[in-house]
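Here's the structure we're looking at; comments come further down.
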Amino acid sequence: MAKIYHDEDADLGVLKGKTIAIIGYGSQGHAQAQNLQDSGLDVVAADVPGSRAWKRAEADGVRVATAAEAAKEADMIQILLPDEIHPIVYRKDIEPYLEEGNALGFSHGFNIHFSQIIPPENVDVYMVAPKGPGDLVRRTYVEGIGTPCLVAIQQDFSGIAFEKAMAYARGIGGTRAGVLETTFEEETETDLFGEQVDLCGGVTELIKASFETLLMAGYQPEIAYFETCHELKLIVDLIHEGGLLRMWENVSNTAEYGGLTRGDRIINEQSREAMAEILDDIRTGKFAREWILEGQAGLPVKRALEREESEHPIEIVGKELRAMMPWLKKE
Ligand code: NDP
Ligand code: MG
């Protein structure tokens with residue numbers, strides 16, 4: 001089992017007297033900046049001058065500057081921009097101002113692992129990646145619980161890169177919940193694998209394929225929607241709270257028996273081979289190259305597929321049915 005680090009393994013003092021720049025005041029940026037500041041650390045945030053995010057930082061009482069100004073001033077620079085923007089802003093506004101012994105931080109390893117950013121040798125390179133969206137990172141900090149984080153060190157110039165990263169993790173509340181150590185390689189590859197195979201790619205195809213199967217057999221789309229899509233949340237919530245067994249215990253005996261005996265006909269040998277191929281594309285950099293070029297081309301494939309997805313019958317019927325269930329809307 002992996003070692004889990006807590007508050008007593010992290011010394012905030014390592015960052016006292018240092019300035020931390022948060023580049024990008026979005027989902028992660030606003031949460032990490034406010035948490036660090038409330039932990040007594042000196043924070044300067046950066047975003048596009050005059051943008052909504054910039055105004056939000058001001059309203060939150062976080063000092064805000066341009067990326068170049070923040071990078072120039074800071075000892076520790078956490079890049080929390082959308083991943084595809086990192087290399088552009090890094091080259092223009094961060095790299096020119098890096099000083100020996102500075103620390104460069106990330107919350108996702110893509111750009112370092114796939115060499116889109118190659119920092120100089122005389123800085124520390126670390127990752128502190130909260131396992132949840134920014135609003136959760138902020139809310140759990142305020143509640144005193146914290147959100148679990150991953151920590152990784154890519155480059156240890158100062159000899160205390162790990163201590164700095166752990167102090168940062170403590171500053172955002174991560175060590176209250178627990179921090180696990182990983183590497184840029186492991187975080188990046190498993191993150192991409194999870195979102196392609198299981199969380200985003202796998203689950204949407206499973207929903208669409210089972211929905212289409214029922215429609216083609218002549219069942220009503222509304223009934224198919226409830227069975228193949230709507231109820232998924234109840235199942236996932238049970239698994240999330242108490243593991244697979246909690247879910248099996250809470251569904252009917254018929255559902256349990258049917259699921260346990262049939263599931264591996266859906267996710268079968270062929271599916272597992274496809275998973276291995278997808279992992280291979282990730283590890284060889286083939287997926288990364290495709291995604292980087294897609295970004296440089298202005299996202300034509302992404303936009304075309306989004307359009308196609310929006311026209312799928314499950315989206316049409318889903319919209320009508322969700323309107324009947326106003327309690328589904330977020331407050
Ligand atoms: P967001 O898209 O929420 O926020 C990025 C912010 O950067 C936005 O305010 C954006 O402004 C701003 N921005 C865009 N371009 C520039 C620029 N040129 N100069 C200055 N600011 C700019 O990103 P996330 O918080 O989702 O992601 C940040 C990092 O955290 C990523 O590496 C991601 O992988 C990682 N991460 C994200 C998680 C999540 O749940 N969201 C979870 C764990 C890690 P605008 O909106 O105007 O474009
Ligand atoms: Mg992820």
Side-chain angles (χ1 to χ4, degrees), residues 20-36 43-60 62-72 74 77-97 104-114 116-117 119 125-141 146-152 154 165 168-169 172-174 177 179-180 182 184 186-196 199-200 282 287-288 291-292 295 298-299 302:
I20 306 169
I22 299 291
I23 313 292
Y25 201 78
S27 169
Q28 286 298 325
H30 89 87
Q32 296 189 24
Q34 289 187 86
N35 292 2
L36 292 165
V43 174
V44 55
D47 210 289
V48 181
S51 64
R52 258 182 60 201
W54 179 289
K55 286 177 193 132
R56 181 179 186 188
E58 286 177 338
D60 290 341
V62 174
R63 195 156 61 86
V64 53
T66 66
E69 286 163 355
K72 203 180 285 180
I77 299 161
Q78 182 84 3
I79 306 186
L80 296 174
L81 302 159
D83 293 298
E84 62 278 15
I85 309 283
H86 287 196
I88 305 165
V89 174
Y90 173 78
R91 248 168 257 137
K92 187 170 144 290
D93 295 329
I94 298 172
E95 193 173 33
Y97 308 111
L104 194 59
F106 297 86
S107 286
H108 177 41
F110 188 94
N111 285 293
I112 290 291
H113 182 59
F114 291 114
Q116 299 306 291
I117 290 179
V125 180
Y126 69 93
M127 171 174 15
V128 175
K131 290 285 93 185
D135 286 345
L136 188 78
V137 173
R138 179 61 184 157
R139 179 160 57 79
T140 55
Y141 179 91
T147 299
C149 290
L150 303 182
V151 164
Q154 178 80 4
Y168 187 98
I172 64 170
V179 167
L180 289 163
T182 183
F184 274 64
E186 182 177 60
E187 187 273 341
T188 305
E189 293 177 354
T190 57
D191 190 69
L192 293 171
F193 180 83
E195 62 205 21
Q196 292 174 23
L199 310 176
C200 308
I282 291 168
F287 170 77
W291 169 231
I292 291 159
L299 307 174
K302 180 173 172 284

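Counting starts at 1 for both ligands and their atoms, following the listed order. Note that the coordinates shown come from a computational prediction; the quantities given were computed from them, not determined experimentally.
- Among protein heavy atoms, atom 45 (P) of ligand 1 sits closest to Asp47 OD1, 5.0 Å.
- Counting atoms of ligand 1 from 1 in the listed order, those under 4.0 Å from a heavy atom of Pro133 are 40 (O).
- Of the protein's heavy atoms, at least one falls inside 4.0 Å of atom 9 (O) of ligand 1.
- When hydrogens are left out, the protein atom nearest atom 21 (N) of ligand 1 is Leu81 CD2, 3.3 Å; that is the closest non-hydrogen contact.
- A donor-acceptor contact shorter than 3.5 Å links the side chain of Asn111 to the backbone of Asp83.
- Once rounded to the nearest 0.5 Å, the distance linking OG1 of Thr66 with NZ of Lys72 reads 8.0 Å.
- Judged purely by distance below 3.5 Å, without hydrogens or angles, the side chains of Gln32 and Tyr168 pair a donor atom with an acceptor atom.
- Atom CG of Asp93 sits about 11.0 Å away from atom CD1 of Ile88, to the nearest 0.5 Å.
- From the protein, the heavy atom lying nearest to atom 18 (N) of ligand 1 is Val89 CG2, 3.4 Å.
- Ranking protein heavy atoms by distance to atom 26 (O) of ligand 1, first place goes to Ser27 CB, 3.9 Å.
- Residue His86 touches ligand 1 through its side chain alone, judged by heavy-atom distances below 4.0 Å.
- In terms of heavy-atom proximity, Phe287 sits nearest to Leu192 at CE2-CD2, 3.9 Å.
- Under the 4.0 Å distance rule, the nearest protein heavy atom to atom 41 (N) of ligand 1 falls inside the cut-off.
- Considering CZ of Phe106 and CD1 of Ile112, their distance stands at 4.0 Å, rounded to 0.5 Å.
- Protein heavy atoms are found less than 4.0 angstrom from atom 4 (O) of ligand 1.
- Residue Phe110 does not touch ligand 1, judged by heavy-atom distances below 4.0 Å.
- Contact annotation: for Pro130 versus ligand 1, heavy atoms closer than 4.0 Å belong to the backbone alone.
- Asp60 and Tyr25 form a side-chain donor-acceptor contact under 3.5 Å, judged by distance and modelled atom types alone.
- Ranking the protein heavy atoms by distance from atom 2 (O) of ligand 1 puts Pro82 CG, 3.7 Å first.
- With no hydrogens or angles considered, a side-chain donor-acceptor pair links Glu189 and His113 at under 3.5 Å.
- Nearest protein heavy-atom neighbour of atom 39 (C) of ligand 1: Gln28 NE2, 3.6 Å.
- In the vicinity of Ala53, heavy-atom distances shorter than 4.0 Å reach the ligand 1 atoms 9 (O).
- The CD atom of Glu186 sits 9.5 Å away from atom CE of Met127, with the distance rounded to the nearest 0.5 Å.
- Close contacts of ligand 1 with His108, meaning ligand atoms under 4.0 Å from a residue heavy atom, involve 32 (O), 34 (O).
- Rounded to the nearest 0.5 angstrom, Gln28 CD and His108 NE2 are separated by 11.5 Å.
- Looking at atom 15 (N) of ligand 1, its nearest protein heavy atom turns out to be Ile85 CG2, 3.9 Å.
- Note that the NZ atom of Lys131 and the OG1 atom of Thr147 stand 11.5 Å from one another [nearest 0.5 Å].
- If you check which protein heavy atom lies closest to atom 34 (O) of ligand 1, you get Asp83 OD2, 2.7 Å.
- Side-chain contact between Thr190 and Thr182: absent, with no pair of heavy atoms (C-beta onward) separated by less than 4.5 Å.
- Of the listed options Ser107, Gly109, Gly26, Gly26 places a heavy atom closest to atom 6 (C) of ligand 1.
- Remark: atom 48 (O) of ligand 1 lies closer than 4.0 Å to no protein heavy atom.
- Residue Val48 approaches ligand 1 through these ligand atoms, each under 4.0 Å from one of its heavy atoms: 16 (C), 17 (C), 19 (N), 20 (C), 21 (N), 22 (C).
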